[in-house]
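Proteins get letters first, then strands, A, B, ... in listed order; numbering begins at 1 in each.
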Amino acid sequence: MKISRDWLQKYFHAPLPSAEELADALTFHAFEIESVDPIREPAASNGAGGDWVLDVKITPNRGHDCLSYRGIAKEISAILKLPLTSDPLDVGLTKSHMLEPMTDVVSVLIEDTGLASRYIAGYVKGVKVGPSPEWLVKRLEAMGQKSINNVVDATNFVMFNIGQPLHAFDAAKLTATDGSYAIEVRKAKEGEKLLALDAKEYALKPGMLVIVDKNADSPIGIAGVKGGEAAGITEATTQIILESANFDGASVRKTAKALNLRTDASQRFEQVISPELSGFGMRAAVDLILKLAGGELVGFADAYPKPPTPLQVVLQSSHPTRVLGTEVTKETIRDVFTRLDFSYEETDDVFTVTVPPERLDIQIPEDLIEEIARIIGYDAIPAIQLSTPETPVAVNTHFYASERVREDLTALGYSEVITSVFADKGERAVINKIDSFRPFLRTTLVNGLNDALKKNVQNKDLLGLKEVKLFEIGTVWKEGKEEIVAGIVTEKESAHEEPLSMYMKEAAAYDTLPLSETQRYQTFSRYPSITRDIAMWVPGGTRAEEVEAILKESAGELCVRIDLFDEFKKEDKVSFAFRLVFQSNEKTLTDDEANRHMQAVYDAVDKRSWKVR
Amino acid sequence: MERGHIHPISSLIREANQIFSGMGFTFIDGPLIESEWYNFDALNVPKDHPARDMQDTFFIKDMPEHVLRTHTSGLQIRYMTEQVKKGILPPYRVIAPGKVFRNEATDMTHEAEFFQIEGLAVGEHITLAHLKGTMTVFFKEIFKSSVEIRFRPSFFPFTEPSIEVDMRLTGGDAPEKLRNKWIEIGGAGMVHPKVLENCGLDSKKYQGWAFGPGLDRIAMLKWGIDDIRLMHSADLRFVNQF
């Protein structure tokens, strides 16, 4: 969710800290921040007049309340202990007064309250649709939204502010019967289509929830996703019917996915929001529209068959201490609940919290413990070691056998590879592999080992190996079973494998086997190497290391490897034979280049009167 | 005879087992084709959770409700359920290193096949502070450097509270690139009471934590490996460096 610091500031009297500090506050107490981007240069050198947008990663459990400025403002208020100037969900009106007056000029019918738990229609007439004021255009721009007109912009503003998606219909484009309108929320019928506000026509499937002009029995919107062109707001609109409703999240998600149409509205319904928000959203939208577009509120119709009862969660005051491993006093618990604006009752050693309706994520005591932990901050958690174990651990027979195989084979010069489980053929397959390349699960390690052998034989010189010997311990699926096998391949022995079970035995303890002592990995060149051998007579007593050093120096940087591969004495002379491997990090070396470097080596050998053979 | 080389991931698993068995953690393993119950449902992951989408998870042909495991977390469930059936109640301490699968496109830092190490400690008095302590010991040993651990808020369906673990190497001989920088390690948290109940444990009596960092990532940090695809390359120019 993009959060403009300027917009957020409106919730607070006290000046907010810098965007970076806000980002840190959220990172360590609520949400990760993807980025902090300036969107308006400060007018003054002290940073005044600038605006920044924080891209906040709202976790899936907080989509209910934090895909909104109000939600984030409440978080900042709790984290930084800054009081809010006002809360849009605390308008000083009781719930029933908020949606006054009622009217029967619009009626609402919900066909399946399982798919729509609330629908409020608000009827305003005499509006003047026109451009939005500068402040509103700027606000929407910060969210990456274009201004459309004052009515539509007002609904989008309220959605971002409170988290309640809203929609506006042009009432004159609906069918009136006896002077009244009827909105129905029902499942689409076979063959129904909707030309949406994005000028695309969508084929609706039965099961998708739609908003319908009941008197004409024709869809005017895809519930929770997008409105229709037919009743869209234009410059000519003077009467509007506002929608503030609650649609089932799973249904909206399926519909949006099937139509390939994800919107800010559908995103919020998918996360599931409280039907209590509908009332606040409607009130805020009406107030704003009357201010921006004039007009007169006729009234509301609210279909809200089953308002949820507030949830109470009971927390033992000792529980947070027990879970977090650091003392959490009752004082701290009270403080956190107050900062989060949770109303609670305290008796002896028990807190009973009445969960705010929009905090659908708070259901069990552990949810409250998480609130306490994150608000006080995880820095408060000390690092304490577990108690010393009483008995030695039982040995895992699979792992023990694998480790024995590893040790035995590496002692014999085999190196371990890990290859993909995916193959060109097999008994089992996955059904949804991207690019459908090798969707089968391997029945054997043999093919992977053979490929690996071929690849590595090419690099023998580079690796300084006389023979490539490989092994793998991995899972295969054959004869209807999943099994761990150990496979080997060498240049002399064709690839074959045995079940790991052959190597399994009881063991009381693990052997202490060697770990890699490598400090750092060195990137290697992907270009082919060139090998040159040189053999020479040197006076008896000359050390091989001495000769190698001379060769290394004269061969230059591109010589990546020198190995002594033969030596023998004859009378008072010794013959050394070395293999030199040349390779560049930037390109494929040519024979000519290799020859030139070898010439430098011959010259150096010559200078010492060593005789090249 | 010149010795061959074990794969760096194997060295890391061997080392992790040495460190954790010293702290009383048993090494457990399980099948790569896992039931949706162990991989998702028992872990409190709802049926319509995005992770269960075709995009993220490999489903098995002709084997409904089975997937290539997307994490080693399902092994927590297998282990605890088995122990309870045998009448063995907590304390439990287990690690489960192994290969996991995500239906993702491959690039320098992402692979469809990679390795994870799951850790679980459950008992009557296992706290979040013990998680911080255990992570500190583990990474200090792995990186051979003094280490600071910090937690940030996060969310997973199977833990509550849920956290992200960051690590900072502060020792003088820590690699230049990593020294004193906060590095993301992976997610963790207190096991969700529903998960304990799904295994047959009384969540009012027992509590504990689980963590599950990626081993490829730890290997890449430890050794400065720049491309995760090297792990499955079967290239001795890579393996023989370890």
Q: Indicate the ring-plane relationship of A:Y400 and A:Y510, choosing parallel, tilted or perpendicular according to the 30° and 60° boundaries.
A: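 Correct class here is tilted.
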Q: Determine the interplanar angle of the B:F238 and B:H7 rings, folded into 0 to 90°, and report it as parallel if under 30°, tilted if 30 to 60°, perpendicular if over 60°.
A: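 Taking B:H7 first and then B:F238, their aromatic rings stand perpendicular (interplane angle over 60°).
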Q. Looking at CD of A:E403 and CG of A:D511, how far apart are the two atoms once the value is rounded to the nearest 0.5 Å?
A.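 Reported value, rounded in 0.5 Å steps: 9.0 Å.
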Region of [X] in contact with chain A, defined by heavy-atom distances below 4.5 Å:
| X | value |
| --- | --- |
| B:E111 | neither |
| B:S162 | both |
| B:H192 | side chain |
| B:Q207 | side chain |
| B:R237 | both |
| B:T26 | both |
| B:I163 | side chain |
| B:F115 | side chain |

Q: Verify, without hydrogens or angle tests, whether B:E197 (side chain) and B:S203 (backbone) share a donor-acceptor contact under 3.5 angstrom.
A: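 Checking the backbone N and O of B:S203 against the side chain of B:E197, a donor-acceptor pair under 3.5 Å is found.
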